[in-house]
Structures are given as C-alpha cells and as structure tokens.
Amino acid sequence: MGKTVELDPAGIAVARREFHRFYLAHPPDLPPRFTRREFAAFPFAAGTYMRRHAAFRSAEEFHAYFRSEEAPRHVYYSSAYYRHPSHPRMAEKEWLGADLIFDLDADHLRGAETLDFPGQLARVKEQFRTLLDEFLFGDFGIDPSATTLAFSGGRGYHAHVHEAAFLGLNSVERRELVDFVLGSEVDPSVALRSETPGATGLVGSEGTGRGRGRAPTHFARLADPKEGGWAGRISRSFLDQLRRWEAEGVAAATREIEGWGFPHAKARGIARQLLAVSARGTIHDGLSLEVFEGKIPEGFLHAALDRARIEVQGETDAPVTTDLHRLIRLPGSLHGGTGLRVTPLSRDALDGFEPLRDAVVPDDGLPTVPVTPTISGSYPFAGGRLEVRAGEPIDLGPSAAIFLLLRGEATVTPARATA
Amino acid sequence: MGVRGPAPVDDRGLLAEYPFLPGAEVLAEDLAASLRGLLEEPALAPARELGRARVRAALEDPRGTAALPALDRADVGEKFLSFQYARVLLSSLPTPGPIRRWAVYEAKRASARLAGPGAEELLEVADRLGLGFRAEAEAVAVPVVDYVRLAAPIREAAFRLGRQTVRRGRVVVTAGRAARLVEEGIRRQLGEAVPLAPEVVEALRERDGPFLDEIRERLPALPARPAFPAGRIDPEGFPPCVRKMRRTLAEGENLSHAGRFALAAFLHRIGADGETIVDAYRNAPDFEEGITRYQVEHITRHGDGQGYLPPDCETLRTHGLCVREGDPTAPRAPERARDPLCYAPELKSPLTYYRIRARPKPPGEGSGTSAGPATAPSTGRPG
C-alpha cells in the first residue's frame with residue numbers, strides 16, 4: 001500500500017481539515033455492487049492502524065462515513081465480492097468473485113529510478129495506454145464500458161474490469177492473463193514464418209502439441225503485423241525498431257546489435273545490410289527476412305518482444321494481481337500520501353490527463369497554509385509551477401501545502417514564525 | 001480438415017456418446033429409470049454391468065484409448081444408464097481419487113470422438129456445455145475467458161495463452177486443440193462427485209460392495225516416493241522459506257505460482273503423501289480440490305514417479321520466496337530473525353536444509369508410500 005509518512009499533530013490537523021472539506025463537497029461515487037465489498041480505511045491519527053472489514057449496507061451509510069470529521073487518510077475497497085464482507089476472517093467472508101485488477105505503478109517499471117517524478121508519471125501513463133489499447137480492449141476484447149479506470153493518486157494507474165465473465169476466474173486463470181500481458185510465456189519465434197506454408201515457428205495456431213519445440217530451420221518471413229496476439233505484436237515491434245534505426249543510422253544499429261553478443265565487425269555488417277535492404281522496402285513491404293539467411297539473431301527477436309510487453313520488474317510485482325482478496329484505492333477518494341484525487345478516467349480522458357494538474361484538488365480561493373519545506377523542490381503543479389526551498393517558510397494554497405506535508409517534504413510553520 | 005458450422009446431429013445418438021450433457025436424461029425416459037430403479041431393477045442389470053465395465057476400463061486404460069466393445073454394442077438407453085451407474089458408484093466412495101481417474105478416462109473417450117473429422121460435433125457439444133466456441137475459417141475461436149478456464153490446468157507449454165493467436169476477445173485454435181479444451185471441461189465436471197443421500201450410499205455398498213473394495217485397492221491414495229526414508233515428516237526441520245509458504249496458505253493469503261510449486265515439490269520429496277500435500281493448500285483463497293489434486297499429481301508423478309525437485313535456493317530468491325533474512329511479519333520471534341544455516345556455503349536447496357535439521361521419526365503408520373502408475377503428462381509449467 002506504499003509508505004505513509006507520519007505527520008505531526010499540526011500536519012494532521014491541517015490535512016484532516018482539508019480532506020474533510022473535500023469529502024463534504026465531493027463524496028466518492030459508490031463502486032459497483034458496493035454492499036458486497038469490504039472497505040478499509042487508514043486514519044490520520046498517529047499510532048493508529050488500518051481498520052478493515054467494514055461494509056456499507058446503503059448509499060446513505062456510505063456517504064455519512066465520508067461526511068464524518070474523522071476524514072480517513074487512505075480508503076480502500078476489496079476487488080472481491082463477498083457474501084459477508086464485514087466478517088473479520090477471510091475464510092468466513094464467502095468469496096463470490098472479484099474484479100480483474102490491473103495496477104501499473106512507477107515502482108514496477110524498469111529504469112524508473114532514473115526518472116524524476118513527472119517523468120515517471122509520463123512513463124507509467126504510456127504503459128497504461130498500451131495495456132488498455134493493446135491488451136485489455138484489444139486482444140482480450142474487454143468492453144471499455146465494463147471497466148473503471150483511475151489515476152491512483154500516487155504514481156500509477158488502475159484498471160478495474162467488472163465484466164461478468166471475468167469475475168469468477170481463480171488465481172491460476174488470472175495468472176494466464178498476467179503472463180500474456182507480460183509476455184512472459186511468449187517464445188519470440190512465434191513471429192517467424194518459414195517458407196513452407198503452414199510450418200510456422202512455435203505458434204499455437206498450427207502446432208498439434210506434438211510439434212512443440214520442433215522449430216523450422218529456415219525463416220523466410222516475418223508474421224503479418226496485423227496478426228492477433230504476440231506474433232503480430234512482435235512483428236510490429238520489429239518493424240518499429242527497423243524504422244528507428246533507419247532514422248538513427250548504421251552506427252546506432254551497430255551498437256545495439258553488438259549488445260546481443262556480436263563482434264563489432266559482424267554487427268556492423270548486419271546493420272549495414274539490414275538498413276540497405278530495409279531501405280529497399282523488402283522487409284517493410286514483403287516482410288522478408290532473407291537478409292538473415294535463415295539465421296536470425298535471437299537478440300533481435302528478444303529486443304522486439306521486450307519492447308512490446310508491459311515492462312515490469314520481478315514476478316512478485318506483477319501489475320495484474322492474482323490476489324483474489326486484494327484491497328485497492330477507492331476511485332474518487334484522496335490519496336493519503338499526496339492529497340491528489342484518485343481520479344476516475346475514461347479512456348478518452350486519459351490521453352490529455354496530467355496528474356499533477358488534473359488530479360489536484362482545486363483551491364477555490366481557500367485560505368493559504370503556512371508551511372516550511374524540508375527539501376527544495378520544483379514541480380509542475382496545478383497548471384503552474386511549485387517551487388520551494390528547504391527551510392524557507394512559504395504560504396501555499398491548501399492543495400500544494402498538503403502535497404508537501406503528506407510527502408514529508410514540509411511541516412506546518414508554527415504561528416510565531418509566520419509573523 | 002475443414003471446419004463447418006454445427007450441422008444437425010442425431011440427438012439421441014449424440015447424447016448417448018456424451019451422456020454428461022444437459023438433457024441426456026431423456027434417454028432413460030423410455031426405461032422409466034429412477035435412481036432407485038437403476039440400483040434395483042433386475043431388467044437394468046446389463047446397464048449396471050456395463051457401468052462397472054466403464055469403471056474397470058478407467059482403471060486399466062486411463063488414457064481412454066482402448067475400445068470397449070460392450071459399450072459400442074449397447075443401445076442408447078444402456079449407454080446412458082451405464083454412465084450414470086458408474087458415476088453414482090464412484091460418488092459413493094469416500095476418496096476422490098477413483099472418480100477423478102474415471103473422469104479422465106471418460107473425458108479422453110469423448111475427446112477422441114470430438115477430435116475426429118469435421119468440427120460439427122465438437123461445436124455442438126461445446127455449445128451444450130455452455131462454451132462459446134465458434135467456427136472460424138479452418139479453426140475454432142474460443143472466448144478468452146473460456147480459454148483460460150479450460151487451459152489453465154493443462155500444463156503443456158504449448159497451451160499457454162502467450163503462445164496463442166488472440167484477437168478481439170477470442171483465442172483461435174485448431175480443432176484438435178479445441179477438442180482438448182472441451183476434454184478438460186468434461187474432466188473437471190465429471191471429477192466432482194454427485195451428492196448422494198446416505199441411503200443411496202448404503203444401497204450401493206450392499207449391491208456392489210466387493211466391486212467398490214476392489215476399486216479402492218487398485219487405486220490407492222495419491223502416491224509418494226520420498227527421497228527421504230519413509231517416515232513421518234518433521235515440520236520443525238522446514239527451512240524458513242517453506243515455513244513462510246505454509247503460513248501464507250494457512251492464513252488464507254495468496255501464494256504465488258512458483259511458491260505453490262516449490263511447496264508441493266518439497267513436501268513430496270521429503271516423503272509427504274499426496275493427501276497431505278493437497279491439504280496444505282486447503283486454506284488458499286482460490287482452493288479448488290480438483291485443480292490442486294491434478295497439479296499435485298502432476299508434480300509428484302513427474303519423471304517416472306520421482307516427482308519434480310523443488311527449486312534451489314537461488315531460484316527461490318529470484319521468485320522472492322527466500323526469507324533467510326527473516327520474515328518481519330512472522331508471529332514468532334525466531335522466524336523474524338535471520339537464519340544462519342541458510343547462509344552456509346553448502347546450502348543450495350531447501351532439501352539440504354531439511355536434511356540437516358529434520359529428525360524424522362522412524363517409519364510407522366500413516367503416510368502412504370506406494371507408488372502409483374506415472375500417468376501424468378511430464379511437460380509444461382508445473383505449479
């Protein structure tokens with residue numbers, strides 16, 4: 001659930017007041033089948049812990065909860081539906097089904113640590129779009145209207161699939177979907193076609209089970225980029241890479257090919273020939289791989305596969321949860337580590353969505369909050385720029401003040417110091 | 001082989017070949033057979049005999065390849081009733097092993113027909129089983145959800161979703177693969193015992209007691225061929241990773257695929273019998289007896305009944321399953337601490353840890369050690 005910075009009493013008072021104000025004006029929407037869900041909340045008060053196993057029997061109860069002055073810091077609900085959602089023991093809740101949840105977080109992305117916060121947000125959004133367009137709405141054929149999409153309020157995005165057919169899937173079955181999205185069970189040679197019609201790579205559509213592992217020896221063509229599943233996807237990625245090299249030139253291509261274990265001279269030879277042939281259009285138009293004389297470097301295919309899959313590190317951080325009892329942030333609530341809104345999004349709205357502008361709660365002329373930053377920082381924020389220096393007290397609009405307080409990058413300035 | 005849309009198939013003939021389909025009861029209407037009648041009616045003795053033959057065939061020919069001439073000769077009513085009789089007989093047994101074995105047999109039998117030329121019958125049967133299969137050019141298009149449900153328990157790598165042609169919510173497979181998927185659906189359906197009233201169980205025992213005993217003798221509980229001398233296992237000797245896996249499951253939390261595989265393979269290799277292994281998963285949030293049993297069977301029977309080796313320490317570490325540094329969430333203090341034995345240079349596998357720490361009791365009553373026939377497929381991704 002991410003780390004939560006502990007606040008001092010002054011910080012708690014300010015943050016709770018602003019959260020309360022927000023919830024009075026904007027109670028979150030009820031999630032589908034909310035009476036069957038378990039809710040959990042993390043309060044502001046220091047030394048307290050998560051309250052789990054709550055359930056709401058009516059919309060009135062649900063809204064009353066959010067009007068209370070004890071505004072919660074984090075609010076989660078279960079992706080699962082239960083017969084007895086408030087029962088304290090998991091085994092007694094009686095699992096009825098669970099939304100299929102996809103959770104992409106900057107933490108999961110390879111190389112995220114080299115990017116700044118806005119850079120991470122941009123990268124994870126790009127991956128989320130691929131996840132939706134290529135996999136969920138594309139290959140899996142999921143109806144966009146049966147999904148809830150949301151910015152997580154932190155560094156990621158969530159997709160909740162409510163489509164009835166998916167709700168009863170068990171962990172093992174969900175794992176198949178995860179593996180598909182991650183490309184982890186994919187043999188990149190599925191994108192190769194041999195000369196002999198019918199004798200494709202290891203692709204399932206032609207294999208008989210017996211043919212498994214009996215790869216043809218000569219690959220003449222690339223799979224049709226319009227083909228479904230991984231064959232077409234790797235083929236598209238392969239062609240994209242070629243286009244990129246055409247733009248970057250032989251030297252760049254040579255360096256990458258060397259990276260797959262070829263000596264420099266050999267790599268340069270392949271790069272030159274590839275780009276020359278490619279320029280003639282035989283690869284782009286005819287999908288011909290004759291340039292490799294049947295011995296296509298494995299690195300080429302793996303690189304193409306790697307760029308086409310949803311990038312995550314470590315199996316334990318799979319972006320699609322196979323956990324059937326998982327708690328997930330309630331769309332429409334506030335993220336207790338940033339004060340940003342867990343923003344429900346449509347697929348169309350996602351394209352223009354900028355978290356540090358659009359998920360910021362509007363200040364609406366509310367009084368400023370005096371804070372003293374503990375670290376210097378500069379963020380694009382709420383359509384402008386938030387610039388602060390460590391140790392220099394500053395009066396900020398509530399959303400910016402809360403953002404810094406909750407991230408542990410500022411404290412409330414004591415009254416005498418503001419004079 | 002061309003694939004055409006469903007064509008009219010003689011309905012009674014179809015139901016007799018696939019007696020598990022909804023609506024097959026009509027075949028028994030002429031015979032006015034109730035369950036009581038099936039058990040007692042003297043005129044139905046041939047159907048009962050044929051039912052026993054189906055069960056025997058399942059024990060002798062788990063792959064369902066041999067012909068059963070008596071069944072081929074039977075009329076549609078007898079075909080149906082013999083199936084029903086076999087099913088109630090096996091449902092009356094206290095252990096699920098025999099009915100699961102029979103389910104595999106019946107599913108294979110059906111599959112052999114389904115994979116035959118022309119896909120009309122395949123599509124018709126799939127449709128009646130509530131599966132949304134559709135003919136598509138030379139192939140069969142299966143909805144993604146149906147596909148993962150049916151393919152998840154099939155361990156062969158070639159069935160993984162990542163290796164399929166998937167477009168717009170459908171997985172396109174050959175008719176042969178589609179038949180294998182339907183077979184899986186049938187196997188799962190038939191592998192579940194039908195609920196029987198105690199009087200019925202009693203009546204079956206009275207009528208067919210010796211036969212039921214024979215089944216139980218011929219198909220003992222899941223096999224075990226331990227790497228350790230037969231004896232009771234000593235949980236005190238489990239390495240921290242295995243303890244953690246067991247805690248996770250016991251608390252009803254989810255354990256990763258790799259973790260499930262490692263635990264089963266470990267327990268098998270230290271001499272736990274199949275039932276004990278299956279029991280370890282009972283609290284898992286998604287526990288399904290059938291799937292677990294199938295997977296445990298696969299893991300323990302792999303390679304001539306030796307079973308898979310559990311992953312070594314390094315592999316466990318890459319899967320995030322190693323807790324040698326201590327598990328901060330563990331309830332007991334020793335388990336929260338770093339385990340020095342895990343850092344010993346010779347410690348390469350959780351089995352080494354157990355070999356050093358465990359104090360197995362001498363062989364006694366309890367864990368079954370007989371090895372069953374190795375029938376499970378031996379490829380693919382276990383766990």
Side-chain angles (χ1 to χ4, degrees), chain A residues 80 89-91 93 95 98 135 137-143 163-166 168-177 179-187 190 202-213 226-232 309 314-318 321-326, chain B residues 115 132 137-141 143-154 156-174 176-177 180 251-260 282-288 291-292 295 318-321 377 379-381 383:
Chain A
R89 285 223 308 277
M90 293 313 284
K93 284 184 194 288
W95 190 86
F135 295 100
F137 304 151
D139 286 349
F140 294 165
I142 291 168
D143 178 357
E163 201 167 301
F166 288 86
L169 294 180
N170 68 25
S171 291
V172 183
E173 294 152 2
R174 285 169 201 242
R175 185 79 222 174
E176 286 282 328
L177 301 175
D179 286 342
F180 186 85
V181 165
L182 300 184
S184 53
E185 290 286 342
V186 177
D187 180 331
V190 294
L202 306 181
V203 73
S205 61
E206 296 288 343
T208 55
R210 213 163 20 87
R212 186 162 28 84
K226 290 192 290 291
E227 221 174 275
W230 276 98
R309 66 201 195 92
E315 201 194 356
T316 45
D317 277 332
T321 183
T322 52
D323 179 355
L324 303 177
H325 299 269
R326 185 172 138 141
Chain B
E138 295 291 297
V140 177
V144 165
V145 172
D146 284 344
Y147 186 88
V148 297
R149 279 178 183 282
L150 297 170
I154 301 177
E156 289 157 56
F159 276 87
R160 301 284 63 79
L161 187 61
R163 304 202 171 192
Q164 313 306 314
T165 302
V166 183
R167 52 176 173 252
R168 291 186 299 281
R170 293 192 166 258
V171 182
V172 183
V173 295
T174 58
R177 285 257 169 95
R180 177 80 169 83
E251 285 160 11
E253 304 281 328
N254 189 47
L255 180 63
S256 71
H257 233 61
R260 289 172 190 226
R282 239 168 244 288
N283 268 343
D286 55 340
F287 179 77
E288 273 187 46
I291 294 181
T292 307
Q295 290 169 341
T318 46
H319 285 290
L321 292 165
T379 50
R381 191 186 53 163

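Convention: sequence-line order gives letters A, B, ...; per-chain numbering from 1.
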Using side-chain contact (heavy atoms from CB on, under 4.5 Å), reason through B:Gln295 and A:Val172 one step at a time and then give a plain yes or no.
CA-CA 11 Å; B:Gln295 290 169 341; A:Val172 183; 4.2 Å; yes
Considering all heavy atoms, the nearest B:Asn254-A:Ser171 contact:
OD1-OG, 3.5 Å
What's the shortest heavy-atom distance between A:Glu173 and B:Ala152, and which atoms?
CG-CB, 3.8 Å
How many angstroms lie between CD in A:Glu176 and CD in B:Gln164, if you round to the nearest 0.5 Å?
9.0 Å
Validation row: B:Val145, A:Leu169 side chains within 4.5 angstrom (heavy atoms)
yes
Which residues share a ring pair (Phe, Tyr, Trp, His ring centres under 6.0 Å) with B:Tyr147, sequence neighbours left out
none
Give the member of B:Arg168, B:Arg167, B:Arg170 that has the highest number of heavy-atom pairs under 4.5 Å with chain A.
B:Arg168
Quick check on B:Val144 against chain A: is it the side chain, the backbone, both or neither that has a heavy atom closer than 4.5 Å?
side chain
Criterion side-chain contact (heavy atoms from CB on, under 4.5 Å) on A:Leu177 and B:Val148, from CA distance to verdict:
CA-CA 8 Å; A:Leu177 301 175; B:Val148 297; 3.9 Å; yes
Return the set of residues passing salt bridge (charged side-chain N to carboxylate O under 4.0 Å, His left out) with B:Arg149 (not counting sequence neighbours), or none when no residue passes.
none
